[in-house]
Amino acid sequence: MSDFRQRALDYHELPKPGKISVELSTSAATVDDLALAYSPGVAEPVREIAADPNAAYRYTAKGNMVAVISNGTAILGLGNLGPLASKPVMEGKALLFKRFAGLDSIDIEVKHRTTEEFINTVASIADTFGGINLEDIKAPECFEIEKELIKRCKVPVFHDDQHGTAIVTAAGMLNALEIQGKDIRDIKVVCLGAGAAAVACMELLIKCGAQREKIYMLDRQGIIHTRRKTLTEHKALFANNTDKRTLEDAMDGADVFVGVSGPDLLPPEALALMAPNPIVFACSNPDPEIKPELAHEVRNDLIMATGRSDYPNQVNNVLCFPFIFRGALDVRASQINDEMKVAAVEAIRSVSKMPVPEEVLKASNSESLSFGKDYIIPKPMDPRLCKTIASAVAKAAIDSGVAQLNELPSDYE
Ligand SMILES: O=C([O-])CC(=O)C(=O)O
Ligand SMILES: [Mg+2]
């Protein structure tokens, strides 16, 4: 067994199985404590909440708690491996919520038969939490699931693989375009993959100025074009009126490649066909569409990003989901809307242009980092991310009228 594989397994097994646990936040030492915490004292907040549901934010952990919910149908780039197998990833997301944004989080893996059954399950438990982070649910079901749950839930519901990935991709892409001297309105884009992340990334790039006609999206059958029959509703939005059919056709002269598909699906010969100063985001996890070493061998003029933490430019939704939920929960937003997403994009961009503190250099094993080809996007352990993104998101929630609290918490600057 490889050393890394064993280390990863040991990390999950030791010192005790898993990555999260529940801790008490109050004293439970004496009989008096128990009389307050449990019977009879607990009856008092019960009555308060029965009279006013908002009292749950005052007397329970709801307001600082996010549920990470999956059915395991699209685990990372690994595929449909079922709910239980997705548990390490969901515990991992819970770990990241806590580590980066101080949010308590619990993973819930749902076994279900129909999409409706999944929606009903989540809708039935949503009020328990301050927010719902949907994770690793395959397309096209994820679109209907998110849409329906947003309608039915009073707390924010956010499909991380769509919008978290799209927000971080847009932030990194706008910065990379700036460095490569390209205008988003002119770029030719190849998107390999047509799942949840692909559709959301391309829609957000379009919101930022990219032209739909200049986007070539590919699924397993090649370029999605207007003469293809039986396209799903979401793929049809990207059907390009073109004679191009293959990845090589699309890559010829392309400025940008976004990979949200699977390992090693971008051949070096196709990369060689791109326009000068190309941008390659190979974001399949854990293994990118092309290895950075190989990509740099083929092109010395490129900006390269992956979803991994062991290469420069990690375009991964960890830069978004802890912080967007922090901001949303802090003003009790009822949803995470487009205004909040755009605010997150701009906030992430802004952090990558600030001078990098010593502690971030240390934590990322770097001697120096400054805005440029190898640093288009902040490091996840940058402590300024939380305040910067959460406050921008919270402000956007207030300004767009979806916040229940109309003031930023006092510890925001
Ligand atoms: O977990 C990650 O590294 C990013 C992610 O959400 C995915 O790949 O599904
Ligand atoms: Mg995911």
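Start at 1 and go down the list; that is how both ligands and their atoms are numbered. Keep in mind that this is a model prediction, so the values were computed, not measured.
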Polar side-chain atom of Arg212 near backbone of Leu237 as donor-acceptor pair, under 3.5 Å: yes
Any Asp136 heavy atom less than 4.0 Å to ligand 1: yes
Presence of N, O or S from Asp161 under 2.8 Å of the Mg ion (ligand 2): yes
Closest Glu135 atom to the Mg ion (ligand 2) [N, O or S only]: OE2
Passing candidate, side-chain contact (heavy atoms from CB on, under 4.5 Å) with Leu204, options Val168, Thr165, Asp338, Ile167: Ile167
Nearest-option assignment for atom 8 (O) of ligand 1, heavy atoms, candidates Val260, Asn285, Leu78: Asn285
Centroid-centroid distance, Phe321 to Phe158, less than 6.0 Å: no
Side chain, backbone, both or neither: the part of Asn316 lying under 4.0 Å from ligand 1 by heavy atom: side chain
Heteroatom of Asp136 nearest to the Mg ion (ligand 2) (N, O or S, atom name): OD1
Per-residue contact class, Leu76 against ligand 1 - non-hydrogen pairs under 4.0 Å: both
Parallel, tilted or perpendicular, as decided by the 30° and 60° cut-offs, for the rings of Phe118 and His112: tilted
Location of contacts on Ile75 toward ligand 1, heavy atoms closer than 4.0 Å: neither
4.5 Å side-chain heavy-atom contact, Gln404 and Asn54: yes
Intermediate values then yes/no, salt bridge (charged side-chain N to carboxylate O under 4.0 Å, His left out), Lys151 and Glu148: CA-CA 5 Å; Lys151 240 193 276 165; Glu148 193 58 29; 3.4 Å; yes
